[in-house]
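One structure below.
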Amino acid sequence: MVVACCFGMIEVVCVEAKDIQSAGLGPVTLAIDSGSCTGLTGPSGSGKTRLLRCLADLDCHEGDVSLNGASRESFTPPEWRTQVGLLPAESFWWSERVLDHFPYKQKPELDSLDLSPVVFEQPLRQLSSGQRQRLALLRLLANQPKVLLLDEPTANLDQDNIMRVEALIAAYRNQHRCCVIWVTHDRAQLERVADRSLTMANGRLDGDSS
Amino acid sequence: MILLSPLDLALAAILVLLAAALTHWMRVGETRPLLIAALRTVVQLLLIGYVLKAVFGNVHWLWVTLLALVMLIVAGREVTVRQSRRFSGGWSLAMGSTSMFVSVFSVTVLALTVVIDASPWYTPQYAIPLLGMILGNTMNGVSLGLDRLTQSASDKREIIEAQLMLGHRAQDAIASIRTDSIRVGMIPIINAMAAAGLVSLPGMMTGQILAGSDPVEAVKYQILVMFLIAAGTIFGTVSAVWLGSRRLFDERQRLRLDRLI
């Protein structure tokens, strides 16, 4: 799959998955180009989350996955998961302090998501689910992944913050030429963010509707 | 030493029966298990009494080894059945037995050869009771530690995986659970050492005193035994929890809770 992009360069496939099969999933084959965003919809339980977990190598499965042509086995698991970043629908935190969750305790840029620096002072459980969800995105981006697997990244957010998150991800995608898989139930959001969208049903990709 | 007659034991048994009647009357519901356990005490201890008498009479390393192995297998089984979530495919038994074998046997052999220095060093009168006490306590530590490990890993699955997703190594992601599990396994022996002599008189020392030993000599043995138990328990718990925390992940560092039943 080769597409010419706006700079006139030849763009290569970023992440490629072949015959992914796991409990209730697949076989699924897909390829996503660098700098593109693929929307993924489908009824609950159709295997969207499972597919993302397989791509991030969190669940056992059959099939091969590669990143920029390099097979997953050539990466150590931590290397792979740093490059192929999964943002789960619900964020979980292992320490009481926000900064403990960022690499080298580096403070992230908060303005783009309308978070105030107060979040660094408060214990995590006092933050709203929306604040935690936005922080989880910043936590993921701090790793500078080459692939973003986003599982309903705006589910708990109000309209303003949905727009901020979409803008931040778009900016990150442009800057890093990363590819994105964006799971959502929101058709209008897909229209805004995705270059193409795929539908899952019963563990399989249904059709390619660009 | 005052010898006990069957009548003396029968009197003590009547006390247990009275306690059983009380719990039955109060509908606590543990009457049957209580009676069965009391009966098991009588049968098992009488049996081991005769076995020990026979082994003490024929000092041979083969008998000592055989008895030690039986004790180890029973302890391994006990560790396994005490897990609310254990590893499938006999892994709990294997990990529990391996870690107990390594720690208990090395501590016991060291104590027998270097500290007590009986001749021969495997003299069953020393070897078997020492092994039994160290093994019994290590078994507690190992089963508490493994139980906490598997329980916490299941409860905190999302937190562990959140760290994996961000590129943390599996052993880093489970590090706090691992240290917590080791701590849980160590607490009983720390408490026992801290309370020894003040709140409780340890059973071994009490037994020696009842049998007519000089209290100070009994205390010396008790200190030795306490230290051996502490070392054995901690080495055993650390290795069992370490093995368990490895088994929770596969070669791609995925959390494999499907390995638990």
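Contacts of B:D250 with chain A are made by side-chain atoms alone, with heavy-atom separations under 4.5 Å and no backbone atom involved. Both the backbone and the side chain of A:D57 come within contact range of chain B, judged by heavy atoms closer than 4.5 Å. When heavy atoms are compared at a cutoff of 4.5 Å, A:R53 approaches chain B solely by way of its side chain, counted from C-beta outward.
Between chain B and the options A:G85, A:A142, A:C60, heavy-atom pairs under 4.5 Å are most frequent for A:C60. Considering only heavy-atom pairs separated by less than 4.5 Å from chain A, the leading option among B:Q163, B:R256, B:E251 is B:Q163.
For A:E191, the CD atom is loosely surrounded, since the number of other residues' heavy atoms within 6.0 Å does not exceed 12. Within a 6.0 Å sphere centred on NE2 of A:H176, other residues, nucleotides and ligands contribute more than 12 heavy atoms. Heavy-atom neighbours of A:D114 CG from other residues, nucleotides or ligands within 6.0 Å: above the threshold of 12. For CZ of B:F235, the number of neighbouring non-hydrogen atoms (other residues, nucleotides, ligands) closer than 6.0 Å is 12 at most.
Rounded to the nearest 0.5 Å, atoms CZ (A:F92) and CZ (B:R157) are 9.0 Å apart. Annotation: the span from B:R169 atom CZ to A:T76 atom OG1 amounts to 9.5 Å, rounded to 0.5 Å.
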Practice prompt. Any chance you could lay out the side chain to side chain contact (heavy atoms under 4.5 Å, CB included) test for B:H168 and A:R81, step after step, and finish with the verdict?
Written response: CA-CA 8 Å; B:H168 294 216; A:R81 295 187 191 116; over 6 Å; no
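Of all heavy-atom pairs spanning B:M165 and A:L58, the tightest one is CG-CD1, 3.5 Å. Residues A:W80 and B:R252 share a closest heavy-atom pair of CB-NH2, 4.5 Å. Closest approach of A:W94 to B:I159, counting heavy atoms only: CB-CG2, 3.6 Å. Summarising the geometry of A:P78 relative to B:G167, their closest heavy-atom pair is CB-O, 3.3 Å, with the distance given to 0.1 Å.
A 4.5 Å side-chain heavy-atom check between A:F102 and B:L166 finds every atom pair outside the cut-off.
Between A:D59 and B:R254, none of the side-chain N atoms (NZ, or NE/NH1/NH2) sits under 4.0 Å from a carboxylate O, so this pair counts as no salt bridge.
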